[in-house]
Student: 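One structure is given below, represented as structure tokens, and several questions about it will come after.
What you see is a predicted model, and the numbers here were worked out from it, not measured in a lab. Values below: all heavy atoms of this structure, side chains included; hydrogens, waters and symmetry mates excluded.
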Amino acid sequence: QVQLVESGGGMVQAGGSLRLSCAASGRTFSTYNMGWFRQAPGKEREFVAAIRWSGSSTYYADFVEGRFTISRDNAKNTVYLQMNSLKPEDTAVYYCAKGNFGRAAIQYDSWGQGTQVTVSS
């Protein structure tokens, strides 16, 4: 079972940026497809972005609108989510997950504990 630990969340004003990191345990990280999801209070968990094991393919939820970038460093067992032009509606707990490069949470089998992102207006 892989262990995932997110970091980099915090409070930022609208229009600001944050970079989230997700560090994975184990020696097979380079074989994992990874994703980022988020969950706001009272809402269901929603897909944000995904990246293939090689980093060769990525895709994003429509609401990202070019503001976020998912990337990975397999030598460091880490996946990143660079978030720019943040909006108050981006406020949520952000989770990284290992899975099948899909949009549905059920396609992911290991999850981190989450990191809080709060965007003030």
Student: Under 3.5 Å, is there a donor-acceptor pair between the side chain of Arg72 and the main chain of Ser30?
Tutor: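 Checked: no pair found.
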Student: Which atom names give the shortest non-hydrogen contact between Phe68 and Val48, and what distance separates them?
Tutor: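 Reported closest heavy-atom pair: CD1-CG1, 3.8 Å.
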Student: Would you name the heavy atoms of Gln39 and Ala92 that are closest together and state the gap between them?
Tutor: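 Closest approach of Gln39 to Ala92, heavy atoms only: O-CB, 3.4 Å.
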Student: Quick check against the 3.5 Å criterion: does Arg45 have a side-chain atom that pairs as donor or acceptor with the backbone of Ala40?
Tutor: no
Student: For residues 57-64, dump all side-chain donor-acceptor pairs below 3.5 Å to protein atoms at least two apart in sequence or in another chain.
Tutor:
{"unit_1": "Tyr59", "atom_1": "OH", "unit_2": "Phe101", "atom_2": "O", "d": "3.2"}
{"unit_1": "Tyr59", "atom_1": "OH", "unit_2": "Gly102", "atom_2": "O", "d": "3.4"}
{"unit_1": "Tyr59", "atom_1": "OH", "unit_2": "Arg103", "atom_2": "N", "d": "3.1"}
{"unit_1": "Tyr60", "atom_1": "OH", "unit_2": "Ile70", "atom_2": "N", "d": "2.9"}

Student: Using a 4.5 Å cut-off between side-chain heavy atoms of Ile, Leu, Val, Met, Phe, Trp and Tyr, which other residues end up in the same hydrophobic cluster as Val5?
Tutor: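 None, because no other hydrophobic side chain comes under 4.5 Å of this residue.
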Student: Does any pair with a residue in residues 14-25 pass salt bridge (charged side-chain N to carboxylate O under 4.0 Å, His left out), and if so which ones, sequence neighbours excluded?
Tutor: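 As it turns out, there is no salt bridge (charged side-chain N to carboxylate O under 4.0 Å, His left out) pair with a partner in residues 14-25 once direct neighbours are skipped.
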Student: Taking side chain to side chain contact (heavy atoms under 4.5 Å, CB included) as the test, write out the residues that go with Asn100, two or more places apart.
Tutor: Gln107
Student: So which pairs with a foot in residues 76-95 pass ring-ring contact (aromatic ring centres under 6.0 Å, His included), sequence neighbours left out?
Tutor: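 Found none.
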Student: Only counting residues at least two apart or in another chain, list the ones meeting side chain to side chain contact (heavy atoms under 4.5 Å, CB included) with Ala14.
Tutor: Pro88, Val119
Student: By the salt bridge (charged side-chain N to carboxylate O under 4.0 Å, His left out) test, which pairs, at least two apart or in different chains, include something from residues 90-100?
Tutor: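 Residue pairs with at least one partner in residues 90-100: Arg38-Asp90, Arg67-Asp90, Lys98-Asp109.
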Student: Does the Glu6 side chain pair with the main chain of Gly114, one donor and one acceptor, at a distance under 3.5 Å?
Tutor: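 Present.
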Student: Please step through side chain to side chain contact (heavy atoms under 4.5 Å, CB included) for the pair Val12 and Thr118, ending with a clear verdict.
Tutor: CA-CA 6 Å; Val12 63; Thr118 302; over 6 Å; no
Student: Are Ser17 and Asn84 linked by a side-chain donor-acceptor pair shorter than 3.5 Å?
Tutor: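 Side-chain D/A pair, Ser17 to Asn84: present.
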Student: Just grab all the salt bridge (charged side-chain N to carboxylate O under 4.0 Å, His left out) pairs involving residues 23-35, residues at least two apart or on different chains.
Tutor: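 Listed once each, the pairs would be none.
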Student: Please round to the nearest 0.5 Å and tell me the distance separating atom CG of Asn74 and atom OG1 of Thr28.
Tutor: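 These two atoms lie 10.5 Å from each other.
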Student: Mind listing the closest non-hydrogen atom pair of Met34 and Leu4 along with its distance?
Tutor: CE-CD2, 3.9 Å
Student: Just grab all the salt bridge (charged side-chain N to carboxylate O under 4.0 Å, His left out) pairs involving residues 112-121, residues at least two apart or on different chains.
Tutor: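 Checked against salt bridge (charged side-chain N to carboxylate O under 4.0 Å, His left out) - neighbours excluded - no pair reaches residues 112-121.
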Student: Checking Ser25 now: which residues fulfil side chain to side chain contact (heavy atoms under 4.5 Å, CB included) with it, not counting sequence neighbours?
Tutor: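 Testing Ser25 for side chain to side chain contact (heavy atoms under 4.5 Å, CB included), a comparison that skips the adjacent residues, returns Val2, Gln3.
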Student: Only counting residues at least two apart or in another chain, list the ones meeting salt bridge (Lys or Arg N to Asp or Glu O under 4.0 Å) with Lys87.
Tutor: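 Testing Lys87 for salt bridge (Lys or Arg N to Asp or Glu O under 4.0 Å), a comparison that skips the adjacent residues, returns Glu65.
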Student: Report the distance from atom CG of Asn77 to atom SG of Cys22, rounding to the nearest 0.5 Å.
Tutor: 10.0 Å
Student: May I ask you to test the Val117-Leu20 pair for a side-chain heavy-atom distance under 4.5 Å?
Tutor: yes
Student: Checking Phe37 now: which residues fulfil ring pair (Phe, Tyr, Trp, His ring centres under 6.0 Å) with it, not counting sequence neighbours?
Tutor: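 If we apply the ring pair (Phe, Tyr, Trp, His ring centres under 6.0 Å) test to Phe37, skipping adjacent residues, the hits are Phe47, Tyr108, Trp111.
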Student: How long is the gap from OG on Ser7 to CD on Gln113, to the nearest 0.5 Å?
Tutor: 8.5 Å
